[in-house]
Amino acid sequence: MKYQSGPDQIPAMLLKISAPAIANPVATLINESLVTGYIPKLWKTARVVPIHKSGDSTLVSNYRPISLLPVMSKVLEKCVYTQLRDYYQYWNYLTPDQSGFRPNHSTTTALLKVCNDIQAGMEQGNLTGAIFLDFAKAFDTVDHGILLEKLKNSGIGDRTLTWFQSYVSDRSQYVSISGSSSLPLPVTCGVPQGSILGPLLFTIFINDLPNVCKASTVHMYADDTVIYTSKPNLPQLEAVLQEQFTEVEKWIRNNKLFLNTDKTVTMLFGTAPKLHKLQNPHLCVGTKSNGTLTTVTSLKYLGMWLDPNLSFGPHIEKLSSRLYPKLGALYRNKSCLSPAVRKQIVQQMLMPAIDYGDVVYAAAPQTHLHKLTTLYNSFCRFALQCNYMTHHCDMLKELNWPSLESRRTLQLSSLVFKSISGKLPPYLNRLLPPAAPSSYNLRSRTSTLLAIPQYKKTVARSSFSYRAPQLWNNLPDAIKSSPSLKSLKSSLLTYLNTECTCKPVT
């Protein structure tokens, strides 16, 4: 992609049509929109369909609004989205502290980064204080004038800026339910819900938030934002967090967003002995309204429950309590399900919940992980309809499924392979540096060895930066030298599929 130079030598982005695969009439309409900087009002009208979530169906709060945009609008947005994304990637404009809606990034990579930083702080004997921000309807309250100004400051050309101004302005929406429709109402702020460009535009809008937190670390997944720092004692920690939160509140006011202070909470992390020495293990961070943020001892962040010691006990406990009732409901209807369907249900409906974030909680104490192993064995018995005397190794062999430990090994090894291939976020790549040449031995010169940090504490050895290189270095060279991720997974599954050693030999 070629970018023009603006009057101040700032690279100016100019939208172009480059869609030979699109039918000619469609390409003509899209090109006309990009050239004139105008989007037809009909393309900016959203149909909102309310979907009932749960609870009393007469309460509006129990419905989730789903915005549906015209197909032509989606095609146009896709052409613009690709160019805008490539432009920001080319100039490395987006902050590395944002994991939302970006290639090679995910909630799992964000969790690994935040948890690894906290565990590194524990290794140094520090306390880590975190503030988890809760924005009130962040996507719906984006100010269009501020958004356009931020686009302009990043080098967007005048003609392209005109197109974006047309894109966010003069929008409307109406509610459609049971064949009836309301009158359309104007949408004067926010990024369009249900759009392709909306998430990227919000990422651009919130991109400069980390700039105001110079004494702490910020990580974001879209609007899910956490601010944290590590200090030797509680007074120092509270002083830094208070200063940073004050700056964040100013940034929020200046950008016309709203913070839900009732749901914005703080959390204190540290080793059990370190926290036990504190008389009052709470953080005192004040708000502009003279209130104090609530300190919690467990919190669901990006789908994972965190606890002060990062033992992940609460997460595993809640995960088990959520899945056992589902398994019970399936058992009550087992007569209606064939063996193939039962196996498919386990693989597609139950296992994703266990697999999610398994590389994060993989180093939890065995007392916690054993609960998931017991649950997994119950899944296998349901799929095979066998009795409780059947050994779990026999069930796994018949189902051709790996153990939970093997699944976690596979996931962690895949992440390391992606890192070596340059397909992980930079903040994770930095945690996996290559080992010094002197540490290579004759048997391992054909593949990459990673440096293992010299951590002494058990909690630090649970971190991604320790577990990942340790696991990778111990793999056979033939597996580490796999030409592709698919080949690595196949070879690793074969390597891990060893004979059961937990049963006595007869």
Side chains of [X] and [Y]: closer than 4.5 Å at any heavy-atom pair?
X	Y	answer
Pro469	Val416	no
Lys480	Thr448	no
Asn233	Leu237	no
Ile196	Val80	no
Leu306	Phe269	yes
Ser230	Gln124	no
Tyr331	Arg381	yes
Leu399	Cys380	yes

Determine all donor-acceptor pairs shorter than 3.5 Å in which one atom belongs to a side chain in residues 315-327; sequence neighbours excluded.
| from | atom 1 | to | atom 2 | distance (Å) |
| --- | --- | --- | --- | --- |
| His315 | ND1 | Trp305 | N | 3.3 |
| Glu317 | OE1 | Lys371 | NZ | 2.6 |
| Ser320 | OG | Ile316 | O | 2.9 |
| Ser321 | OG | Glu317 | O | 3.2 |
| Ser321 | OG | Lys318 | O | 2.9 |

Counterpart residues, side-chain hydrogen bond (donor to acceptor under 3.5 Å, both in side chains), relative to [X] (two or more places apart):
X	value
Ser421	none
Thr287	Ser289
Glu398	none

Counting only heavy atoms not in [X], do more than 12 fall under 6.0 Å of its [atom1]?
X	atom1	value
Lys53	NZ	yes
Lys423	NZ	no
Lys150	NZ	yes
Asn280	CG	yes
Gln89	CD	yes
Lys489	NZ	no

Side-chain ([X]) to main-chain ([Y]) donor-acceptor, under 3.5 angstrom:
X	Y	answer
Ser463	Val459	no
His105	Pro103	yes
Asp358	Ile354	no
Asn126	Met122	no
Asn387	Thr390	yes
Gln236	Pro232	no
Asp224	Tyr301	no
Ser491	Ile479	no
Gln244	Ile227	no
Gln98	Thr203	no

- Message: Let's go through Leu330 and Lys334 carefully: what are the C-alpha distance in whole Å and the side-chain angles of both, what is the deciding distance for side-chain contact (heavy atoms from CB on, under 4.5 Å) to 0.1 Å, and is it a yes or a no?
- Response: CA-CA 6 Å; Leu330 290 171; Lys334 63 182 180 181; over 6 Å; no
Give, for atom [atom1] of [X] and atom [atom2] of [Y], the distance between the pair rounded to the nearest 0.5 Å.
X	Y	atom1	atom2	result
Leu84	Ile156	CG	CD1	5.5 Å
Lys137	Asn260	NZ	CG	10.5 Å
Gln411	Leu492	CD	CG	11.0 Å
Lys231	Leu241	NZ	CG	9.5 Å
Leu112	Arg467	CG	CZ	7.5 Å
Ser403	His392	OG	NE2	8.0 Å

In terms of side-chain heavy atoms, does [X] have a donor or acceptor partner in [Y] at a distance below 3.5 Å?
X	Y	value
Ser216	Thr229	no
Ser484	Ser487	no
Thr225	His219	no
Ser311	Tyr361	no
Thr95	Asn207	no

Can you see which heavy atom on [X] is nearest to which on [Y], and at what distance?
X	Y	result
Ser195	Glu77	CB-OE1, 3.1 Å
Gln242	Gly286	OE1-N, 2.6 Å
Leu302	Tyr221	CD2-CB, 3.8 Å
Gln348	Pro352	O-CG, 3.5 Å
Ala329	Asn333	O-ND2, 2.8 Å
Pro402	Arg407	CG-CG, 3.7 Å

- Query: Can you tell which of Trp91, Tyr93, Tyr88 makes a side-chain hydrogen bond (donor to acceptor under 3.5 Å, both in side chains) with Ser154?
  - Reply: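 The option that passes is Tyr88.
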- Message: Here's a test for you: under side-chain hydrogen bond (donor to acceptor under 3.5 Å, both in side chains), which of Thr217, Asn116, Asp97, Thr109 qualifies with Tyr427?
- Response: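 When side-chain hydrogen bond (donor to acceptor under 3.5 Å, both in side chains) is applied between Tyr427 and each of Thr217, Asn116, Asp97, Thr109, only Thr109 qualifies.
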- Message: Applying salt bridge (charged side-chain N to carboxylate O under 4.0 Å, His left out) as the test, list every pair that has at least one member in residues 112-136; sequence neighbours left out.
- Response: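 Residue pairs with at least one partner in residues 112-136: Lys113-Asp117.
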- Message: Under the salt bridge (charged side-chain N to carboxylate O under 4.0 Å, His left out) definition, can you give me all pairs with a residue in residues 259-280, not counting sequence neighbours?
- Response: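 For residues 259-280, and leaving out neighbouring residues, there are no salt bridge (charged side-chain N to carboxylate O under 4.0 Å, His left out) pairs at all.
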- With side-chain contact (heavy atoms from CB on, under 4.5 Å) as the test, would you mind laying out the steps for Leu111 and Phe464 before giving the verdict? CA-CA 10 Å; Leu111 279 165; Phe464 174 76; over 6 Å; no
- Message: Does the plane of the ring in Phe139 sit parallel, tilted or perpendicular to the ring in Phe202? Use 30° and 60° as the thresholds.
- Response: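 If you compare the ring of Phe139 with that of Phe202, the planes turn out parallel.
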- Message: Applying ring pair (Phe, Tyr, Trp, His ring centres under 6.0 Å) to Phe258 and Phe135, what does each step give before you reach the verdict?
- Response: CA-CA 6 Å; Phe258 302 93; Phe135 290 98; over 10 Å; no
